[in-house]
Asker: 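If you scroll down you'll find the structure; I have some questions about it.
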Amino acid sequence: MCDRAADLLLDWYDRHARDLPWRARPGAPLPDPYHVWLSEVMLQQTTVAAVIPYFEKFTTRWPDVAALAAAPEDEVMAAWAGLGYYSRARNLVKAAREVSRAGGFPTTEAELLKLPGLGDYTAAAVAAIAFERRALVVDANVERVIARLFAIEEPLPGGKKAIRAALDTITPERRAGDFAQAMMDLGSSLCRAREAQCLLCPWQAICAGREAGDPTRLPVKAPKKAKPTRTGTAFWVERDEAVWLVKRPGKGMLGGMRALPDDGWSARGDGSGVAPVAGAWRAGGMVRHSFTHFHLELGLAVHADTDPAPDGEGEWWPLDRLDDAGLPTLFAKAAALALAER
DNA sequence: CAACCGTGGTA
DNA sequence: TTACCAAGGTT
């Protein structure tokens, strides 16, 4: 099927490509590698709709990789707050500094793969989209589209090897970036997880999954484990129109992010309930929040007028600037609850 | 290699 | 309401 499949897809892409902020305009030269890299990292396990405002914020504030390399890590972390998977933000700064020091982005997949935060997918995507290198760009969209096009029955993640091999047979030498993005556009617009609009698909005549009937059955996936529910407590410690915020350890859950003090809850176990400072605490309600691998019921304990500051590192953060603290969503929810009941 | 790591939209 | 899902990477 070689070139036939690529031709059909690229013709479709010429008519239906999405207009996204990090894409070059049609007919324009290649997109800015900085924009391609930044968008691809933001898009890891994250929807286009969620990424767009962050991409605009980042490129306005840090217009090129040198500007991002010069930014304090704390400011980048705070700007990333709400987008999730915070190790991406830490690696983003590291990679920006390496690239800036080297005088620009590497242009091959193998060199890109050495940068922190770039795995198989992202290195291939940047090589293809920013530098027109032929690469096997395999994300969840591509896995789904290829599993259906070739009717690959082997369940994921075991079937990844077969998917790469099948993709290799239809990946052209030309238009590497367009081909990669066309695959992802097809997956996100027509060949979707729960629904496939086969009548609009450029591959309707050559798709083995459609031929076999019920293409949405593919790809087959291994069953997922149940999520445990954990409980914990966060502490709202307030004094003089300011709240006590801590910085979480660099690794682990919400690593490196500003946060309310808590009682040590984690994916592994419940919190101790022990407050960071003695005094008269009152219950301030509860926040339910789901992470990738567990649910959390986070009780909020409120201390309205603390005299000594709690033990350990932290800072009094003015309530009127709380939006700038860069709190992850869990703690932003807890803070909103505390402020609403004040 | 399987566990770990966020969040918001959707059915 | 719950579970699944999304342009995955690191350990």
Side-chain angles (χ1 to χ4, degrees), chain A residues 18 20-23 31 35-55 77 80-92 94-95 112-130 135-145 156-158 160-161 177 179-189 191-195 216 219 221-230 248-257 259 266-268 287-296 298 326-333:
Chain A
R18 287 177 293 177
L20 299 172
W22 44 86
R23 286 187 176 172
H35 289 179
V36 175
W37 163 69
L38 178 62
S39 65
E40 289 300 340
V41 172
M42 288 182 164
L43 286 161
Q44 290 166 3
Q45 294 287 286
T46 309
T47 59
V48 167
V51 164
I52 287 175
Y54 283 86
F55 179 82
M77 299 297 290
W80 196 275
L83 199 54
Y85 286 138
Y86 297 100
S87 65
R88 292 186 294 175
R90 249 191 328 282
N91 285 331
L92 196 74
K94 276 188 202 166
L112 286 161
L113 193 54
K114 296 177 183 173
L115 291 172
L118 277 73
D120 291 342
Y121 163 75
T122 309
V126 174
I129 298 168
L136 299 181
V137 181
V138 184
D139 74 328
N141 285 305
V142 176
E143 286 179 351
R144 181 172 61 253
V145 169
L156 294 175
K160 284 173 182 287
K161 189 175 293 182
F179 182 78
Q181 293 176 96
M183 290 288 292
M184 295 187 277
D185 276 20
L186 188 72
S188 64
S189 63
C191 198
R192 299 164 66 94
R194 296 178 172 88
E195 171 202 18
T216 57
K221 292 187 177 180
K224 300 191 175 179
K225 294 186 176 178
K227 294 182 185 182
T229 296
R230 303 296 184 198
R248 295 177 63 83
K251 296 182 178 180
M253 289 290 305
L254 310 174
M257 300 299 286
S266 75
R268 305 273 180 78
V287 172
R288 295 178 195 280
H289 192 79
S290 291
F291 297 98
T292 305
H293 49 304
F294 69 103
H295 304 287
L296 178 66
L298 183 71
L327 294 177
T329 298
L330 169 67
F331 294 112
K333 283 185 190 174

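In what follows, chains are A, B, ... by sequence order, proteins preceding strands, each numbered from 1.
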Asker: Under 4.0 Å, heavy atoms only, any strand: does A:Trp22 hit a base, just the sugar-phosphate, or nothing?
Answerer: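 Counting heavy atoms under 4.0 Å across all strands, the contact made by A:Trp22 includes a base.
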Asker: Where do N or O atoms of nucleotides 3-5 of chain C meet protein N or O atoms at under 3.5 Å, pair by pair?
Answerer:
from  : atom 1 : to       : atom 2 : distance (Å)
C:dC4 : O2     : A:Arg194 : NH2    : 3.3

Asker: Using a heavy-atom cut-off of under 4.0 Å over every strand shown, decide if A:Arg268 touches base, sugar-phosphate, or nothing.
Answerer: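 Touches sugar-phosphate only.
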Asker: With a 3.5 Å cut-off and heavy atoms only, can you find an N or O donor on one side and an acceptor on the other between the side chain of A:Thr292 and the base of B:dG6?
Answerer: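 Yes, the side chain and the base share a sub-3.5 Å donor-acceptor pair.
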Asker: Which sits closer to the 5' end of DNA chain B, A:Glu195 or A:His289, going by the nucleotide each is nearest to?
Answerer: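 Between the two, 5'-proximity favours A:His289.
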Asker: How about A:Arg88 and A:Asn91: does a side-chain donor come under 3.5 Å of a side-chain acceptor?
Answerer: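 A:Asn91 and A:Arg88 do not have a side-chain donor-acceptor pair below 3.5 Å.
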Asker: Which part of the nucleic acid, if any, lies within contact of A:Ala267, taking any heavy atom under 4.0 Å across all strands shown: a base, the sugar-phosphate backbone alone, or nothing?
Answerer: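 It contacts sugar-phosphate atoms only.
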Asker: Looking at A:Lys251, is its backbone amide N or carbonyl O close enough to the side chain of A:Arg90 to form a donor-acceptor pair, meaning the two atoms are under 3.5 Å apart?
Answerer: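 No, the answer is negative, given that no donor and acceptor are paired below the 3.5 Å cut-off.
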Asker: Could you tell me whether the side chain of A:Gln181 and the main chain of A:Gly177 form a donor-acceptor pair under 3.5 Å?
Answerer: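 It does hold such a pair.
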Asker: If we ignore angles and hydrogens, is there a donor and acceptor under 3.5 Å between the side chains of A:Tyr121 and A:Gln44?
Answerer: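 Side chains of A:Tyr121 and A:Gln44: no pair found under 3.5 Å.
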Asker: Decide yes or no, distance alone: a donor-acceptor N/O pair under 3.5 angstrom between the base of B:dG8 and the side-chain of A:Thr329.
Answerer: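 There is none.
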Asker: Side chains of A:Arg192 and A:Thr216: do they bring a donor and an acceptor to under 3.5 Å?
Answerer: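 Judged by distance alone, the side chains do not pair up.
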Asker: Should A:Tyr54 and A:Thr46 count as side-chain neighbours, where that means a heavy-atom distance under 4.5 Å?
Answerer: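 The answer is no, as the side chains (C-beta and beyond) never meet within the 4.5 Å cut-off.
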Asker: Over how many whole Å does the gap from A:Gln44 atom CD to B:dT7 atom P extend?
Answerer: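 Answer to the nearest Å: 16 Å.
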Asker: With A:Met42 as reference, evaluate A:Ile52, A:Val48, A:Val51 under the side-chain contact (heavy atoms from CB on, under 4.5 Å) test and give the passing residue.
Answerer: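 Considering A:Ile52, A:Val48, A:Val51, a side-chain contact (heavy atoms from CB on, under 4.5 Å) with A:Met42 is found only for A:Val51.
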Asker: Check the distance between C:dA7's P and A:His35's NE2 and give it to me in whole angstrom.
Answerer: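 From A:His35 NE2 to C:dA7 P: 22 Å.
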Asker: Could you pick out which residue, A:Arg23 or A:Gly117, lies toward the 5' side of DNA chain C when each is mapped onto its nearest nucleotide?
Answerer: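 Looking at DNA chain C, the more 5' nearest nucleotide goes with A:Arg23.
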Asker: What residues in residues 81-90 of chain A put a non-hydrogen atom under 4.0 Å from any atom of DNA chain B?
Answerer: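 Here the set is A:Gly82, A:Leu83, A:Gly84, A:Tyr85, A:Tyr86.
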Asker: Give one of base, sugar-phosphate or nothing for A:Met184, where a contact means two heavy atoms less than 4.0 Å apart.
Answerer: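 The residue A:Met184 makes base contact.
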Asker: Considering only C:dA7, C:dA6, B:dT7, which nucleotide approaches the side chain of A:Leu330 most closely?
Answerer: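 So the nucleotide nearest the side chain must be B:dT7.
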Asker: When all nucleic acid strands are considered with a 4.0 Å heavy-atom cut-off, which category describes A:Ala125: base, sugar-phosphate, or nothing?
Answerer: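 Touches nothing.
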Asker: Determine the interatomic distance between P on C:dA7 and the same-named atom on B:dC4; round to the nearest Å.
Answerer: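 Here C:dA7 and B:dC4 have their P atoms 25 Å from each other.
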Asker: Which is true for A:Leu113 with a 4.0 Å heavy-atom rule: it touches a base, it touches only sugar-phosphate, or it touches nothing?
Answerer: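 A:Leu113: no heavy atom of the nucleic acid under 4.0 Å.
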Asker: Whole Å only: how far is the CZ atom of A:Phe291 from the C1' atom of B:dC4?
Answerer: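 From A:Phe291 CZ to B:dC4 C1': 13 Å.
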Asker: Taking the six-membered ring where the residue is Trp, are the ring centres of A:His293 and A:Phe291 under 6.0 Å apart?
Answerer: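 Distance test on ring centres: not under 6.0 Å, no.
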Asker: Can you tell me how far CG of A:Leu43 sits from CG of A:Leu38, rounded to the nearest 0.5 angstrom?
Answerer: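 If we round to the nearest 0.5 Å, A:Leu38:CG and A:Leu43:CG are 9.0 Å apart.
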Asker: Counting the atoms with a prime plus P, OP1 and OP2 as sugar-phosphate, which does A:Ser290 contact under 4.0 Å by heavy atoms, base, sugar-phosphate, or nothing?
Answerer: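 Answer is base: heavy atoms of A:Ser290 come under 4.0 Å of a base.
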Asker: Taking the nucleotide of DNA chain B with the closest heavy atom to each, which residue, A:Arg192 or A:His293, is nearer the 5' end?
Answerer: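 Final value for this comparison: A:His293.
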Asker: Would you classify A:Pro157 as touching base, sugar-phosphate or nothing, given that sugar-phosphate means primed atoms plus P, OP1 and OP2, and contacts are heavy atoms under 4.0 Å?
Answerer: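 Nothing, no nucleic acid heavy atom in range.
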Asker: Rounded to whole angstroms, how far apart are CE on A:Met257 and P on B:dG6?
Answerer: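 From A:Met257 CE to B:dG6 P: 9 Å.
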Asker: In terms of the nearest nucleotide of DNA chain C, which residue is placed more toward the 5' end: A:Ser39 or A:Pro116?
Answerer: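 Looking at the nearest nucleotide for each, A:Ser39 comes out on the 5' side.
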Asker: Tell me whether A:Arg23 is salt-bridged to A:Asp185, with the criterion being a basic N under 4.0 Å from an acidic carboxylate O.
Answerer: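 Yes, charged N to carboxylate O under 4.0 Å.
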Asker: Who are the ring-ring contact (aromatic ring centres under 6.0 Å, His included) partners of A:Phe55, not counting sequence neighbours?
Answerer: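 Once residues adjacent in sequence are excluded, the partners of A:Phe55 under the ring-ring contact (aromatic ring centres under 6.0 Å, His included) criterion are A:Trp22, A:His35.
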Asker: In whole angstrom, what separates A:Lys251's NZ from B:dC5's P?
Answerer: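 These atoms are roughly 13 Å apart.
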Asker: Given atom CZ of A:Arg288 and atom C1' of C:dT2, what is their separation to the nearest angstrom?
Answerer: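 Atom-to-atom, A:Arg288 to C:dT2, this comes out as 13 Å.
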Asker: From C-beta outward on A:Asp139, which listed nucleotide comes closest to its side chain: C:dG9, B:dG6, C:dA7?
Answerer: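 Looking only at heavy atoms from C-beta outward on A:Asp139, the closest nucleotide is C:dA7.
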Asker: How many Å lie between CZ on A:Arg248 and P on B:dG6, as a whole number?
Answerer: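 For the pair A:Arg248 CZ and B:dG6 P, the rounded distance is 9 Å.
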